[in-house]
Amino acid sequence: MQLSFPLRRLFLLHIFIIVLSNYAVQIPITVLGIETTVGTFTFPFVFVTTDLTVRLYGAHKARQVIFCAMVPALIISYIVGTIFAHGDYQGLAALGTFSIFVFRIAAASFGAYIFGQLADILVFQRLRRLPRWWPAPAASSVFGNLLDTFAFFSIAFYQCVDPYMAANWVSLAWVDYAVKLIVCLAIFVPIYGAFLALLAKYVLHRPLTSLSV
């Protein structure tokens with residue numbers, strides 16, 4: 001499947017964000033008394049990237065980017081996750097032992113990425129022709145993140161070998177989803193709007209309402 005130069009860059013950006021998030025999800029943090037993971041604050045970037053792809057190139061091209069990125073992202077996520085298991089460097093020798101915990105995280109990301117991004121594209125595609133630019137990325141973030149989050153946590157951590165994650169994955173998933181929504185709606189949707197405005201003014205020389213190719 002051939003991608004143009006701009007789409008290849010988006011393809012590489014998708015892979016980078018997924019791999020980074022799969023590493024970061026292994027690192028728990030507490031923010032304002034709420035237990036979550038570092039990955040909560042990195043993965044929403046992929047929704048911004050997907051929404052910009054749909055807005056500029058259409059749903060078909062966005063699906064191409066997703067299907068091209070998913071297998072390389074799965075493989076690289078497993079390699080990086082094994083070498084840096086639980087956020088700690090394990091050395092290259094760790095690759096000699098199969099890690100079911102890391103593999104489940106990579107596989108969960110694989111499934112959740114597909115479901116979440118396709119849901120994001122479906123919702124965004126239906127709303128992108130509205131006069132205002134923000135309902136499409138806001139609504140797609142709500143539905144895409146919901147599907148992505150619960151697909152990921154259930155596949156990765158249901159009855160997994162990590163006792164803490166196995167016992168708390170449902171509550172962590174709800175917290176993760178809530179934090180993602182706050183981050184997306186308060187930070188990433190405005191970032192998306194800023195990028196879109198810059199592209200419209202300085203690159204495509206078209207108003208925002210005409211970016212529905």
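These numbers come from a predicted model, not from an experiment.
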Going from CE on M165 to CZ on R104, what distance comes out if it is rounded to the nearest 0.5 angstrom? 10.5 Å
Out of curiosity, K61 NZ to I121 CD1, how far, rounded to the nearest 0.5 Å? 13.0 Å
Take a 6.0 Å sphere around CZ of F41 and say whether it holds more than 12 heavy atoms from other residues, nucleotides or ligands. yes
Assigning hydrophobic clusters by single linkage (Ile, Leu, Val, Met, Phe, Trp, Tyr; side-chain heavy-atom cutoff under 4.5 Å), is W174 placed with I155? no
Heavy-atom pair of closest approach, residues C184 and N145: SG-ND2, 3.4 Å
Reported CG-to-CD1 distance for the pair L10 and I66, which is rounded to 0.5 angstrom: 11.0 Å
In this structure, CD1 of I100 is separated from CZ of F103 (nearest 0.5 Å) by 6.5 Å
With sequence neighbours left out, the residues meeting side-chain contact (heavy atoms from CB on, under 4.5 Å) with I182 are none
Can you tell me how far apart CG (L185) and CH2 (W134) are? Round to the nearest 0.5 Å. 10.0 Å
Partners meeting ring pair (Phe, Tyr, Trp, His ring centres under 6.0 Å) with Y158 (sequence neighbours left out): none
Sorted by chain and residue number, the side-chain hydrogen bond (donor to acceptor under 3.5 Å, both in side chains) partners of S140 (sequence neighbours excluded) come out as D51, D120
Exercise: identify the closest heavy-atom pair between P135 and L130: CB-CD1, 3.9 Å
Sequence neighbours left out, what passes side-chain contact (heavy atoms from CB on, under 4.5 Å) with I114? Give chain and number order. M70, F110, L118
Which residue pairs pass the side chain to side chain donor-acceptor pair (under 3.5 Å) test when at least one of the two sits in residues 69-82, sequence neighbours left out? N22-S77
Distance check, rounded to the nearest 0.5 Å: R9 atom CZ versus H14 atom NE2? 14.0 Å
Looking at residues at least two apart in the chain, or sitting in another chain, which of them share a side-chain contact (heavy atoms from CB on, under 4.5 Å) with P190? none
Applying a strict under-4.5 Å side-chain criterion to I, L, V, M, F, W and Y, I'd like to know whether F124 and L122 cluster together. no
Restricting to salt bridge (charged side-chain N to carboxylate O under 4.0 Å, His left out), what partner residues turn up for D148, sequence neighbours left out? K180
Show the numbers, then the answer: is there a side chain to side chain contact (heavy atoms under 4.5 Å, CB included) between Y177 and V142? CA-CA 9 Å; Y177 175 59; V142 170; 3.6 Å; yes
Which residues pass the side-chain contact (heavy atoms from CB on, under 4.5 Å) test with A173, not counting sequence neighbours? T149, F150, F153
Partners of T42 by side-chain hydrogen bond (donor to acceptor under 3.5 Å, both in side chains), sequence neighbours excluded? S21
Do F84 and I75 share a hydrophobic cluster, counting only Ile, Leu, Val, Met, Phe, Trp and Tyr and linking them when any side-chain heavy atoms are less than 4.5 Å apart? yes
My understanding is that a hydrophobic cluster links ILVMFWY residues whose side chain heavy atoms are under 4.5 Å apart, including indirect links. Using that, what else belongs to the cluster containing L147? F115
V170 and F157, any side-chain heavy atoms less than 4.5 Å apart: no
